[in-house]
Amino acid sequence: MSANSYPSTSWDVLRHIVAPLAPVAAGKRLLIKGAAIVSMDAAVGDLARGDVLIEGERIAAIGADLSGEVVEGAEVIDASNMIAMPGFVDSHRHAWEGQLRRLDPNSPTLLDYLRSTHFSVATHYRPEDMYVGNLLTALGALDAGITTLVDNSHNARSPAHSDASIDALQDAGIRAVYAPGKPLAGAWAQHWPQDLARLKQERFEDDNALVTMAMMSQWDRDTWAEARRLGLRIVTEFLGADMGKLLPELRDEGLLGPDNIFNHCTGLTDEEWEILRETGVNVNVCPRSDAQYGLEEGLTVYQRAVDHGIAPAISIDVEASYGGDMFGEMRAAYVMQRGLAQHRRYQGDASAPAPVSVRSILETATINGARVAGLSHATGSLAPGKQADLVLIRTDDINLYPSNNAIGTIVHAAERSNVDTVIVGGRIRKSGGKLLGLDMQALKHATEASRTHLFARVGYAPDIFADTPPQLVQA
């Protein structure tokens, strides 16, 4: 494909790739009928067959057989061959990298990943490239049943780059926490942290909107202070011995708390894990990327978190090397924990942990993720009063039928093709296995235009069979 085949896409065209979202009518009712309900809520429990009533943006009722006046006039979805579950929560994703999917599937180290993204391609992103990357990622997430995304946007090179990223998340109709941060390389507008106040005032006045705000930053006293002044959660890539050594001082100065979100948390000592627990820092672990990029121990630290009384979330991180669905992430977490536990038992370790259960793994991908994102009051489980963020999985598809265990089906066997329906805040975003309101040809055109521009700027001739990291012009 030549560089001239895909000219730059206008903003007017970009903003019409997805049909504008209509407001949810306050009195509109939707009844999901006859599903196997996995609520992830202790009070609601699980129902082998039950109904979920949605009114407006929220869940109004859940029961074994809702009928009568309570459901009168409701639109009905026959879910008799489906599992109803809360939407997945991806608590750590770099959404701007959407058009870089599998650019480097064999990247052996973190440095290789950085060279193929942050130190090269990322430095040439325009606002429209941020929009395309975020839109592609958000739509891919919705298609896979992810209803909430914490967008770690550490390529916000100017205020316009941030605005474009936010526009994309809002246009997609996903629930998201937008966490902008300064780039790791190349020129940028030097607008951090002062632009945080502008964003909070101009783009995030409504705390109940689908897209809300946090901040992404490594340890920096002034930036962290500004985030806290604005009431923003602080997202940090936290890994390795050098970062771990910061924890005692940060704790002693009162600079750690429940508004911190730490990604990865590899290479920490038991004492450092205890500091995270004591201070209430939120932790998400990354089973695939920690192994892919050889981060410290190289295997997910899920069990380390659990051993120290922390309920971790799992997150997808990047699509530059692997897929963007939570099904793959859950399976990686499950298999790694089971393998490590069995290895320790085989070695005669009497303190080896018990094998993890599929329910525990599903918790990491739903309610734990919502807690990390600061959204457990709104999403992550199915309960009356919560936002209607819900996924229906078809169990009569050939790869899932017969479904003899609902949670086992979700964690071990389901995939994005089995996701029939996705609802976010009462809006149906996917139905009958298809995303709604999407002009797929326009999305492809915009993605190719962006990708062609970026690859040309770093001198990359795509090689779809490459076994080694791409050799790109560095910033």
Contacts of Thr468 meeting side-chain hydrogen bond (donor to acceptor under 3.5 Å, both in side chains) (sequence neighbours excluded), chain-then-number -> none
Review point. Looking at side-chain heavy atoms only, is the closest gap between His92 and Glu237 below 4.5 Å?
Key: yes
For residues 370-378, tabulate all N or O donor-acceptor pairs below 3.5 Å that involve a side-chain atom, not counting sequence neighbours.
from, atom 1, to, atom 2, distance (Å)
Arg371, NH1, Asn368, OD1, 3.1

Evaluate the side-chain proximity of His94 to Met216: yes if any heavy-atom separation is below 4.5 Å, no if none is. yes
Interatomic distance, OG@Ser357 vs CD@Gln337, rounded to 0.5 Å, equals 9.0 Å
Measure the acute angle between the ring planes of Trp273 and His308, then classify it against the limits of 30° and 60° as parallel, tilted or perpendicular.
-> parallel
OG1 of Thr236 to NE2 of His264, rounded to nearest 0.5 Å, is 11.5 Å
Requested in this report: Would you check if the side chain of Arg126 reaches a backbone N or O of Ser450 as a donor-acceptor pair within less than 3.5 Å?
Outcome: no
Any donor-acceptor pair under 3.5 Å linking the side-chain atoms of Tyr401 with those of Asn81? no
When every non-hydrogen atom of Ala168 is compared with those of Asn134, the smallest separation belongs to CB-CB, 3.6 Å
Review point. With a 4.5 Å limit on heavy-atom distance, are the side chains of Phe455 and Gln99 in contact?
Key: no
| Flag for Ser315-Asn284: side-chain donor and acceptor within less than 3.5 Å | yes
| message | Given 3.5 Å as the limit, does a donor-acceptor pair link the side chain of Glu97 with the main chain of Arg93, or not? | response | no
Q) Is there a donor-acceptor contact under 3.5 Å from the side chain of Asp90 to the main chain of Ile316? A) yes
Below 3.5 Å, can you tabulate the donor-acceptor pairs from side chains in residues 176-183 to any protein atom, sequence neighbours excluded?
from, atom 1, to, atom 2, distance (Å)
Tyr178, OH, Ser162, OG, 3.1

* Asked: Would you say Trp192 and Met215 make side-chain contact, with heavy atoms under 4.5 Å?
  -> no
Check for a donor-acceptor pair, side chain of Asn155 on one end and backbone N or O of Ala122 on the other, with a separation under 3.5 Å.
yes
- Message: Using side-chain heavy atoms (C-beta onward) and a distance below 4.5 Å, is Phe238 in contact with Trp219?
- Response: no
Applying side-chain hydrogen bond (donor to acceptor under 3.5 Å, both in side chains) to Arg233 and not counting sequence neighbours gives none
By side-chain hydrogen bond (donor to acceptor under 3.5 Å, both in side chains), Asp307 pairs with (sequence neighbours left out) Gln303
With sequence neighbours left out, the residues meeting ring pair (Phe, Tyr, Trp, His ring centres under 6.0 Å) with Tyr322 are none
Quiz prompt | Lys430 vs Leu142, side chain to side chain contact (heavy atoms under 4.5 Å, CB included): CA-CA, chis, key distance, verdict | solution = CA-CA 8 Å; Lys430 184 178 183 180; Leu142 287 169; over 6 Å; no
If you draw a 6.0 Å radius around CD in Gln471, do more than 12 non-hydrogen atoms from other residues or ligands fall strictly inside? no
Derivation of the side chain to side chain donor-acceptor pair (under 3.5 Å) call for Ser107 and Ser321:
CA-CA 7 Å; Ser107 186; Ser321 293; 4.9 Å; no
Item to check | Tyr113 (side chain) donor-acceptor with Ser289 (main chain) under 3.5 angstrom | outcome: no
_What I want to check is whether the side chains of Thr109 and Asp112 have a donor and an acceptor closer together than 3.5 Å._
yes
In sequence, state the C-alpha distance, the side-chain angles, and the governing distance for Ile423 and Leu30, and then conclude on side chain to side chain contact (heavy atoms under 4.5 Å, CB included).
CA-CA 11 Å; Ile423 301 172; Leu30 179 64; 3.8 Å; yes
dist His453:NE2 -> Asp129:CG (nearest 0.5 Å) comes out at 4.5 Å
Other residues, nucleotides, ligands: >12 heavy atoms within 6.0 Å of Asp206 CG: yes
Closest non-hydrogen contact found for Ile146 with Met326 is CD1-N, 4.2 Å
Does Gln190, at its CD atom, have more than 12 non-hydrogen atoms belonging to other residues, nucleotides or ligands within less than 6.0 Å? yes
Next item on the list: Taking the side chain as every heavy atom from C-beta outward, state whether Gln292 and Cys286 have any pair of such atoms under 4.5 Å apart.
Entry: no
Residues at least two apart in sequence or cross-chain that pass side-chain hydrogen bond (donor to acceptor under 3.5 Å, both in side chains) with Asp163, listed by chain then number, are Arg198, Arg203
So CG of Asn263 and CG of Leu295: to nearest 0.5 Å the spacing works out to 11.0 Å
Taken in chain and number order and not counting sequence neighbours, the residues that satisfy ring pair (Phe, Tyr, Trp, His ring centres under 6.0 Å) with His124 are none
d(Asp195 CG, Ser158 OG) to nearest 0.5 Å is 8.5 Å
For residues 358-369, the salt bridge (charged side-chain N to carboxylate O under 4.0 Å, His left out) pairs (sequence neighbours left out) are Asp46-Arg359
* Within the side chain of Thr137, is there an N or O that forms a donor-acceptor pair under 3.5 Å with the backbone of Ala95? -> yes
**Prompt:** Do Thr117 and Val318 have side-chain heavy atoms sitting under 4.5 Å apart?
**Reply:** no
Here the gap from Gln170 atom CD to Leu21 atom CG, rounded to the nearest 0.5 Å, amounts to 9.5 Å
Over 60° means perpendicular and under 30° means parallel, so tell me whether Phe262 and Trp224 are parallel, tilted or perpendicular.
tilted
Under 3.5 Å donor-acceptor, Asn152 side chain and Val150 backbone
yes
Would you check, one step at a time, whether the test side chain to side chain contact (heavy atoms under 4.5 Å, CB included) holds for Ile83 with Leu400?
CA-CA 11 Å; Ile83 298 169; Leu400 300 187; over 6 Å; no
Strictly distance-based, threshold 3.5 Å: is any side-chain N or O of Thr364 a donor or acceptor partner for the main-chain N or O of Ile361? yes
| query | Does any N or O in the side chain of Glu202 come within less than 3.5 Å of the main-chain N or O of Lys200, such that one atom is a donor and the other an acceptor? | reply | no
Does some side-chain heavy atom of Ile166 sit less than 4.5 Å from a side-chain heavy atom of Leu199? yes
Exercise. Go through the steps to decide whether Val306 and Val356 satisfy the test side chain to side chain contact (heavy atoms under 4.5 Å, CB included), and finish with yes or no.
Key: CA-CA 10 Å; Val306 171; Val356 72; over 6 Å; no
Residue pairs meeting ring-ring contact (aromatic ring centres under 6.0 Å, His included), one or both in residues 405-438, sequence neighbours left out, come to Tyr334-His412
Q) Just by modelled atom types, is the Phe327 backbone N or O under 3.5 Å from a matching donor or acceptor in the Asp325 side chain? A) yes
The ring pair (Phe, Tyr, Trp, His ring centres under 6.0 Å) partners of Tyr302 (sequence neighbours excluded) come to none
> Using 4.0 Å as the upper bound for N to carboxylate O, is an ion pair formed by Arg288 and Asp317?
Replying inline: no
Residues at least two apart in sequence or cross-chain that pass ring pair (Phe, Tyr, Trp, His ring centres under 6.0 Å) with His161, listed by chain then number, are none
Of all heavy-atom pairs linking Met130 and Ser165, the shortest is CE-OG, 3.5 Å
